[in-house]
Amino acid sequence: MNHIDFIASSAATAVKALYGTEPCPCLIQTQPTRKEFEGDVTLVVFPLLKTSRKAPEATAEEIGHWLKENVAQIAGYNVVKGFLNIKLSGSYWAEVLSSIAADPDFGQLPSTGKTVMVEFSSPNTNKPLHLGHIRNNLLGWSISQLLKACGHNVMRVNLVNDRGIHICKSMLAWLKCGNGVTPESSGMKGDHLVGDFYVKFNDLFKAEVKELVAGGMSEEDAEKNAPILKEAQAMLVKWEQGDPEVVGLWRRMNGWVYEGFDQTYGSLGISFDRTYYESQTYKGGKALVEDGLSRGIFFRKEDGSVWCDLTGDGLDQKLLLRGDGTSVYMTQDLGTARQRFEEYNLDEMIYVVGNEQNYHFQVLKLILGKLGFDWADSIYHMSYGMVELPEGKMKSREGTVVDADDLVGKMYNTAKETSLELGKLEGMDESEQDSLFRMLSMGAMKYFILKVDPKKTMLFDPKESIDFNGNTGPFIQYTHARIQSILRKAEGLEKVAGKAELLPKEESVIALLASYPEKVREAGAAHSPALIANFAYDLAKEFNQYYHDTQIIREEDAAVRSQRLVLSGTVARTLRHAMNILGIELPDRM
RNA sequence: GGUUCCAUAGCUCAACUGGAUAGAGCAACAGAUUUCUAAUCUGUAGGUUCAGGGUUCGAGUCCCUGUGGAAUCACCA
């Protein structure tokens, strides 16, 4: 039980003793005491006034008095308006510190036995990854880590969109003007090479449209009838028929892309437990739709297409099968959802997908519910906001897309320059330096993205490099490195808490530490890694202030020093745990 | 047009789900290093929380109205 809960339950006892009735837990409102007031935990007494039948101040005074008299761990209290600020004793905090320090799994919540699948990344294979994918990948990774910390079994999956007209466009452009170029022959990363041919296709397409329009055709017709587009469509039909030549090229070019993706995933430090491919799942779900049709849940229009009527839910009609019997996006998502729940007996399925698809997931959930699956409510769309540039959305047409590999590279160089400027690399060999630059650059980038509430649109200015000072990843990394430096020097010294008095600042650091498991639970429930990021920053900031005006290893009193070493070590360990949830590594030196 | 989401300091973001005088960082200015790492710390300045109404002991947070912005409503995925 942490200190907040401890006070809450003590307060409940006090209310019962004083006023004779057991208060509803919802009336016991506690919160950490604000900095400008004296105390550790604050009880808000307004909700209790009906029970006490007294004025706010008098009620707070009575409860405070009772607590001080009857609860040994409570050292004092003060009342400000309807707020009862409670001070816990130093020995209480020392005990808390000792128990945290003795818990090797601090921050890991007990196993729930539940299995959660997290789908994220889900790229198309015709373009390299960009900044939007980075936010998706980082969120997907960190929500997975977070749910593990919450005690769930987590399965990370990727669903690659490896088929469709867009892939055929790249293939066609490569056939027309690739001259057999490969990643090996060109020295290019495969995903970028294929992406360039996708752009090339659009250039060719535009040129043809222009020509047709010049010949008197309307723009609309020209865009539908450009020969190269027809060719791409014909290619897709061939692909669906299994034409060996088309399929062979498709395999080859997708292979290049996967190699490129793996490299990007590697530099981001993410991986998956399983990868699904749309080329294997896109036909699924039809049986489900037919079943719904026969049960009268869906209906067929004259042209043969199948729909679900959602007007009763305030939405529109949704297409589930085309007139020609082929499936659409929704069809396959219905199919894969069922397949996954049945295959892995999932308790929850989380889709990390941008908020532009809110409607899709709303409909998906509704339809699964109509089909009678009791797990329909166990689907959660982790909807995140777009990353915008100062001039608005990223547009490939205007060349404003921030490429993932470019950004990673730039961050690396900035980290390197900054480190060299500060001149702290003495005694580190090249590979140690390289690994440090990676940690720092990815730490800065990941923290920058993850500290923002996932739901919100966020802004990224490519002209300004991501900061290394202030509320940043490197700030937290630096705090950790300084602690590690102390601990290296303290090797062999005793590390025990509870044998010395605590400073007020030490008590507030311990209070923060003690609130961490609850913070993990909260962040998990809110599906928000940002809460963990903000916690880590608060802890690092609090510790830095402490570090600034307190001697640790140079403290002469052995009992005091020993306790400070325990505190420092516990802070470092907790920072590592929190940052690990975000996928950020902490260096021992920097 | 319908639906959903968003609006907080010059900029980027917080605010424990309705609690105290709305907090950090960046940028600006002024300081701190013979000291366990100054990628740090301290201070100054910066706000009608888009506007207006309502609910109550109490609203950035909940409910209306308006303004501004975003997404979505495809036989695309």
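Just so we're on the same page: letters track the sequence lines, and every chain starts at 1.
Nearer to the 5' terminus of RNA chain B, by closest-nucleotide assignment, is the contact made by A:Phe460 (compared with the other of A:Phe460 and A:Lys489). Toward the 5′ end of RNA chain B lies the nearest nucleotide of A:Glu36, the other residue of the pair A:Glu36 and A:Asp324 mapping further downstream.
Not one side-chain nitrogen or oxygen of A:Thr418 sits closer than 4.0 Å to the OP1 or OP2 atom of B:A39. A close approach under 4.0 Å does occur between a side-chain nitrogen or oxygen of A:Arg322 and OP1 or OP2 of B:A77. Of the side-chain N and O atoms in A:Arg34, one or more sit less than 4.0 angstrom from OP1 or OP2 of B:G23. OP1 and OP2 of B:A70 both lie 4.0 Å or more from every side-chain N or O belonging to A:Asn355. Between A:Gln545 and B:U42 there is a side-chain N or O to OP1 or OP2 distance below 4.0 Å.
Comparing B:A77, B:C36, B:U40 by their nearest atom to the side chain of A:Ile553 picks out B:C36. With B:A15, B:C13, B:G19 as the candidates, the nucleotide lying closest to the side chain of A:Val452 is B:C13. Candidate nucleotides B:U40, B:A7, B:C36 were compared by shortest atom distance to the side chain of A:Lys456, and B:A7 ranks first. Of the candidates B:A14, B:U37, B:U42, B:U37 carries the atom nearest the A:Tyr478 side chain, counting heavy atoms from C-beta on. Which of B:G19, B:C13, B:C26 sits closest to the side chain of A:Asp467 comes down to B:C26. When each of B:G19, B:A39, B:A77 is scored by its nearest atom to the side-chain atoms of A:Tyr329, the top-ranked nucleotide is B:A77. Side-chain proximity of A:Glu356 to B:C41, B:C36, B:A71: nearest is B:A71.
When the C1' atom is used for both B:A27 and B:U44, the distance is 15 Å, rounded to whole Å. Between the P atoms of B:G19 and B:U34, the separation comes to 45 Å (whole Å).
If you check every strand for non-hydrogen atoms under 4.0 Å, A:Ser419 touches a base. Note on A:Tyr282: nothing from the nucleic acid sits closer than 4.0 angstrom, heavy atoms only. Residue A:Pro56 is classed as having no contact, given no heavy-atom separation below 4.0 Å to the nucleic acid.
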